[in-house]
Amino acid sequence: MSDFEPFYDVSRTYEDNYAKGPFGAFAQALPQASVPERGSAPAENESAGADNEGASKAGTGAAAFMGQPVDLAFGIPAGPLLNSRFTTAAFRMGFDLATYKTVRSRAWGCNPFPNVLAVHPKSADGSLTPGSAELDEGVLADTNYELPISISNSFGVPSQDPDVWQPDMRAAIAAAGPGQVLVPSFQGSRVEGMSEAEYIADHATTARLVKETGARLMVMNTSCPNEGHNRLLCHDPLLVGRITEAVKNEIGDTPLMIKLAFIPSDGDLELMVRSTVGRGTVQGFSTINTISARLVDKDGNQALPGAGRDRSGVCGNAIRGAGLDMVRRLAALRERLGLDFEINGVGGVVSPDDYAAYKAAGADSVMSATGAMWDAELAHKIKAQLRA
């Protein structure tokens, strides 16, 4: 695939991508004369998508996402859109939901390079099954990127300082075209010696910082794959419930969605719903993030260098089955419990048919990270199929 350039260049460091990206077709969607510099709003009367072939021109608001009208509730989740240049490019390429990469209350470094490798599960369809032995025995990872694409996600949720990301997020919000919405993502930060009360307070503080940018909604990440295979926040539904209560006390009626990893237990998933939606603190779930796997090279050695990086979150084609399963189970819970919440389906969306499968499973909205990175025209293709 040497002839194709993803908008996040996996051959460059995270820092280089942040400073110089996006690349490929996304870069071409940003004429330099009309692109806002980071931290500044677009020029007066300039809509990021108004005169671009890739953006939603109609602004009809035919669909909705967390109460906000959008042309099509499809976009890119937290991860590859590092700053306002990336999110603006996504809007101009027709992705009507663009998620600003997860921010923190403080600056936070990235894991060492490389962060992305191609992942090759053993199954004929390239899928990974949650709980399978393969995840612990080792999954081949290398630089041989092939379609349908699956990759490692080993960044560690880096973040700029709020003094940097707040003005840049304001610019990202302002750059949305008609029928498009900027989706801010945030999370709390675990620091050595931090008490549970302090951890909860850090989530609330970060949510307040996001709201100060003018955000009309936000997503809280509870499923970072780099905080430890057995330390995912979403594996503790009661703690998530306490955190979301504190967050809602800060953000008021601003809609809140939380990002979940795969939760194997139906009982735990129901407890998550009851502890959040059931208490009025959460209005939606986005799922899934990644599947944690031990990644090895062709000789069986650790594929990603450095201590604590024997495992990585895997995203892309490999996790579509798990993502669809979570959406179906959440949709069934929604109906059985009679609760009102939105479901955002994420994981392995690499084609218009995958979008349709998530909608059929019960998703109100759908997002694609890896698929969109490798196919900048994915939003256009989905819209074309829907019009056909």
Side-chain angles (χ1 to χ4, degrees), residues 6-8 22 25-26 29-30 47-49 52 54-102 169 172-186 215-219 221 255 257-259 283-289 315-316 320 323 327 342-352 354-359 363-386:
F7 68 74
Y8 181 98
F26 270 40
L30 293 175
S47 168
N52 255 283
S56 298
K57 298 179 182 179
T60 58
F65 179 78
M66 300 291 283
Q68 296 297 317
V70 294
D71 283 345
L72 181 67
F74 176 72
I76 300 175
L81 303 181
L82 307 190
N83 51 47
S84 62
R85 287 178 60 84
F86 282 81
T87 56
T88 300
F91 287 139
R92 295 184 180 188
M93 291 301 297
F95 295 89
D96 294 333
L97 301 172
T99 307
Y100 196 103
K101 184 170 175 60
T102 304
M169 186 177 286
I173 291 170
Q180 298 180 326
V181 175
L182 191 283
V183 184
S185 176
F186 76 96
R216 288 171 284 177
L217 52 91
M218 61 186 76
V219 176
N221 182 20
M257 178 175 276
I258 58 177
K259 183 73 171 286
Q283 288 70 53
F285 298 100
S286 181
T287 188
I288 59 176
N289 193 323
C315 48
R320 182 169 51 255
V327 167
E342 292 191 21
I343 302 172
N344 181 44
V346 185
V349 179
V350 300
S351 72
D354 300 330
Y355 167 85
Y358 268 100
K359 293 291 289 184
D364 302 286
S365 55
V366 182
M367 292 185 181
S368 170
T370 308
M373 280 173 61
W374 261 263
D375 186 357
E377 294 292 330
L378 184 57
H380 293 156
K381 292 177 180 178
I382 290 172
K383 290 177 179 180
Q385 181 162 302
L386 292 174

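Numbering starts at 1 and runs along the sequence shown.
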Problem - Set of residues satisfying side-chain hydrogen bond (donor to acceptor under 3.5 Å, both in side chains) with respect to T102, sequence neighbours excluded - result: S185

Exercise for the section: Just jot down the side-chain hydrogen bond (donor to acceptor under 3.5 Å, both in side chains) partners of E342, sequence neighbours excluded, or say none. Expected result: none

Handout entry: I288, V346, T370, N289 screened by side chain to side chain contact (heavy atoms under 4.5 Å, CB included) with C315, the one that passes
Key = T370

Practice task
Applying side chain to side chain contact (heavy atoms under 4.5 Å, CB included) between L81 and each of F95, F86, Y100, report the one that passes.
Solution key: F86

Considering all heavy atoms, the nearest [X]-[Y] contact:
X    : Y    : value
A89  : A29  : O-CB, 4.4 Å
L217 : Q68  : CD2-CG, 3.5 Å
D96  : L72  : OD2-N, 3.1 Å
A363 : G345 : CB-N, 3.9 Å
M66  : G284 : CE-N, 4.2 Å
T87  : A172 : OG1-CB, 3.4 Å

Enter the distance from [X]:[atom1] to [Y]:[atom2] here, rounded to the nearest 0.5 Å.
X    : Y    : atom1 : atom2 : result
I258 : Q283 : CD1   : CD    : 10.0 Å
K359 : L386 : NZ    : CG    : 9.0 Å
N83  : K101 : CG    : NZ    : 11.5 Å
L378 : K383 : CG    : NZ    : 11.0 Å
F74  : L97  : CZ    : CG    : 9.0 Å
S84  : F91  : OG    : CZ    : 10.5 Å

Exercise for the section: List the steps and the verdict of side chain to side chain contact (heavy atoms under 4.5 Å, CB included) for F65 and M367. Expected result: CA-CA 12 Å; F65 179 78; M367 292 185 181; 4.1 Å; yes

Practice task
Check whether any side-chain heavy atom of V327 sits under 4.5 Å from a side-chain heavy atom of Y358, and report yes or no.
Solution key: yes

Handout entry: Contact check, side chains of T99 and V219, non-hydrogen atoms, under 4.5 Å
Key = no

Problem - Geometric class of the F7/F26 ring pair [parallel <30°, tilted 30-60°, perpendicular >60°] - result: parallel

Practice task
Please list, chain by chain and in numerical order, all residues satisfying salt bridge (charged side-chain N to carboxylate O under 4.0 Å, His left out) with K381, sequence neighbours excluded.
Solution key: D375

